[in-house]
Participant: 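Structure provided below as structure tokens; questions to follow.
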Amino acid sequence: FRALPTRMLVSVLSPRPISHSLVRFRPFSTLPDTDLLLSERCAEQIRRIKEREKNDNLRLRVTVEGGGCSGFQYKFDLDENKESDDRIFTRGTSEVVVDSTSLDLLKGSVIDFEQELIRQAFKISSNPNSEKTCGCGVSFAAKT
């Protein structure tokens with residue numbers, strides 16, 4: 001067991017925002033199961049979509065498929081269904097559903113929502129299982 005610096009332990013384990021000039025805090029879900037983290041922007045966008053569509057049963061479905069310029073690609077859909085091998089991750093009233101096969105390639109990732117001048121989209125902003133990503137951030141090569 002290698003001891004980590006105290007600042008790192010605090011930033012990783014603290015469920016509340018911390019202020020330290022060396023630590024960049026991003027507001028993630030404080031789920032007990034952190035296989036997948038939802039950013040505040042992601043949760044807020046899902047909430048807006050549910051409100052706009054007047055459908056409280058909508059979830060964001062994230063899947064990983066073969067393809068893209070790096071071997072695998074992320075796919076984001078709205079879905080009301082839950083399959084037997086799905087896991088649901090929640091932040092507030094917002095839910096993300098992921099099948100077990102995709103979750104193996106997404107464990108530890110952060111789902112975010114970004115708005116730029118030319119586009120707005122859900123994205124995986126950090127995937128520890130990814131060796132490299134393409135320029136658009138939609139496809140990735142899995143670590144071997």
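Below, each value reflects all heavy atoms present in this structure, side chains not excepted, and no hydrogens, waters or symmetry copies. Please read these numbers as outputs of a predicted model, since none were measured by experiment.
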Participant: Once side-chain hydrogen bond (donor to acceptor under 3.5 Å, both in side chains) is applied, do any residues pair with Asp104, and if so which ones, sequence neighbours excluded?
Facilitator: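 Residues passing side-chain hydrogen bond (donor to acceptor under 3.5 Å, both in side chains) with Asp104: none at all.
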
Participant: Would you mind listing the cluster partners of Leu117? Hydrophobic ones only (ILVMFWY), side-chain contacts under 4.5 Å, chaining allowed.
Facilitator: none

Participant: Among all residues two or more places apart in sequence or in another chain, which pass the salt bridge (Lys or Arg N to Asp or Glu O under 4.0 Å) test with Lys82?
Facilitator: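 Testing Lys82 for salt bridge (Lys or Arg N to Asp or Glu O under 4.0 Å), a comparison that skips the adjacent residues, returns none.
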
Participant: Identify, with sequence neighbours excluded, every residue that meets side-chain contact (heavy atoms from CB on, under 4.5 Å) alongside Glu116.
Facilitator: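 With neighbours one apart ignored, the set is Glu114, Arg119.
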
Participant: Mind checking salt bridge (Lys or Arg N to Asp or Glu O under 4.0 Å) for Asp85 and listing every partner two or more places apart, or none if nothing turns up?
Facilitator: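 Applying salt bridge (Lys or Arg N to Asp or Glu O under 4.0 Å) to Asp85 gives none.
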
Participant: Looking at residues at least two apart in the chain, or sitting in another chain, which of them share a side-chain hydrogen bond (donor to acceptor under 3.5 Å, both in side chains) with Glu95?
Facilitator: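 Per chain and number, Glu95 pairs via side-chain hydrogen bond (donor to acceptor under 3.5 Å, both in side chains) with Arg59.
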
Participant: The criterion is side-chain contact (heavy atoms from CB on, under 4.5 Å); which residues satisfy it with Arg47, sequence neighbours excluded?
Facilitator: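 Expected list: Glu44, Glu51, Thr93, Ser94.
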
Participant: Taking only residues two or more places apart in sequence or in another chain, which ones pass side-chain contact (heavy atoms from CB on, under 4.5 Å) with Gln45?
Facilitator: Arg48, Ile49, Phe113, Phe122

Participant: Checking Asn57 now: which residues fulfil side-chain hydrogen bond (donor to acceptor under 3.5 Å, both in side chains) with it, not counting sequence neighbours?
Facilitator: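 side-chain hydrogen bond (donor to acceptor under 3.5 Å, both in side chains) list for Asn57, sorted by chain: empty.
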
Participant: Going by the rule salt bridge (Lys or Arg N to Asp or Glu O under 4.0 Å), which residues pair with Glu53 if we only count those two or more places apart in sequence or in a different chain?
Facilitator: none

Participant: Using the test side-chain contact (heavy atoms from CB on, under 4.5 Å), find all partners of Ser102 that sit at least two apart in sequence or belong to another chain.
Facilitator: Thr63, Val64, Val98, Asp99, Leu106

Participant: Apply side-chain hydrogen bond (donor to acceptor under 3.5 Å, both in side chains) to Glu80 and list each qualifying residue two or more places apart in sequence or on a separate chain.
Facilitator: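 Testing Glu80 for side-chain hydrogen bond (donor to acceptor under 3.5 Å, both in side chains), a comparison that skips the adjacent residues, returns Asn55.
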
